[in-house]
Enquirer: 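Okay, here's the structure, questions in a sec.
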Amino acid sequence: MEYIGIDIGGTAVKIGIIDENGTVLASGHYSVNFDRYETPILDTVVKSLGIFLSKYSVKSVNLKGIGVSATGQVDIHTGVVTGTAGHIKNWKKSKIKETLENRFNLPVAVMNDANCAALAEKWIGGAKEVSNAVILTIGTGIGGGILVNSEILTGSDGLAGEIGHFTIHCQGKPCTCGNTGCYEQYASVTALIHMVTEAVDKGLFPKSAFQDGPINGKTIFELLAAHNPLLESIFEEWLDYVAFGLVNLVHIFNPQLILIGGGISVQETLFIKPLRQKVHQQVMPAFGKGLSLKAAALGNEAGMIGAVYFYKKEFAKQTLR
Ligand SMILES: [Zn+2]
């Protein structure tokens with residue numbers, strides 16, 4: 001018996017058939033923003049899942065259930081989207097659990113995507129052997145999950161671990177969440193690109209260094225690898241922000257492990273190693289003892305894998321009750 005794992009993001013929904021061990025046996029992805037969300041995402045998800053199941057000739061009776069990882073704030077008890085940090089039209093109030101259960105006649109468990117990605121690392125990834133970890137995905141924004149005594153920290157409704165939106169500047173930049181000075185406004189890849197673009201616009205940095213190409217994560221790391229001193233100083237400033245946030249988290253949660261996910265986590269020499277050094281320099285010595293920091297093990301299938309793990313844990317709990 002297998003499971004369906006679904007990862008609903010802002011641009012696409014990924015769907016996979018996943019076995020008891022977390023192996024993805026087949027997967028597909030479908031656009032959710034093809035008409036700028038005029039078609040509600042949940043309608044697209046229902047339609048896509050129907051297409052996916054018939055493509056692989058999978059019948060509901062042969063499946064155990066569906067685990068869903070979803071963007072935004074999702075109430076784990078009701079499976080309803082209760083909030084979003086950005087502005088995705090027709091998404092808030094979507095009844096994911098109820099809709100999918102009725103349509104596909106299978107039990108469904110839903111959790112926010114960052115917590116699902118963290119759970120996947122605990123199940124089959126880099127946090128398998130540890131009980132206390134902070135798992136952070138650095139990309140367009142910052143997402144995260146906190147592992148406490150081998151369980152994901154859910155808070156009262158499953159919203160805990162919204163790491164991108166704790167404030168590190170009390171009068172800082174406005175954020176999509178409505179607050180100001182949020183961590184992701186300073187420590188995401190988007191923030192790094194802004195810092196470099198700003199330096200270029202102010203004439204502090206020659207655009208020619210990028211050979212008139214785009215300024216993005218990839219080109220920034222290419223230039224860093226070539227030891228551009230001005231870019232190195234901007235990068236250092238950005239890295240300080242990333243480290244400051246992590247030091248706060250270490251002092252609050254006392255993890256054994258910090259896992260960094262997202263495309264840039266493959267940059268061991270330029271990013272992970274100096275970040276590890278900064279965090280170790282800044283935490284109180286007792287917190288640094290035995291603390292490791294490394295790149296997350298799983299890629300973009302983490303959301304759907306973690307969603308299935310969450311499903312398994314939820315329904316195991318119900319059987320015990
Ligand atoms: Zn925010």
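Each ligand, and each atom within it, is numbered from 1 in the order the structure gives.
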Enquirer: So that I can tick it off, tell me whether Glu301 and Lys14 are bridged by a salt bridge, with the cut-off set at under 4.0 angstrom between side-chain N and carboxylate O.
Expert: no
Enquirer: Number of protein N/O/S atoms less than 2.8 Å from the Zn ion (ligand 1)?
Expert: 4
Enquirer: What pairs with Leu153 under side-chain contact (heavy atoms from CB on, under 4.5 Å), at least two apart in sequence or on another chain?
Expert: Ile146, Val148, Ala160, Phe253
Enquirer: Determine, for Lys294 against Glu268, whether the closest basic-nitrogen to carboxylate-oxygen distance falls under 4.0 angstrom.
Expert: no
Enquirer: When you check the gap from the basic side-chain N to the acidic O, do Glu20 and Lys64 get nearer than 4.0 Å?
Expert: yes
Enquirer: Just by distance, with hydrogens left out, do Thr39 and Asp43 show a side-chain donor and acceptor under 3.5 Å apart?
Expert: no
Enquirer: If the threshold is 4.0 Å, N to carboxylate O, is there a salt bridge linking Lys122 and Glu151?
Expert: no
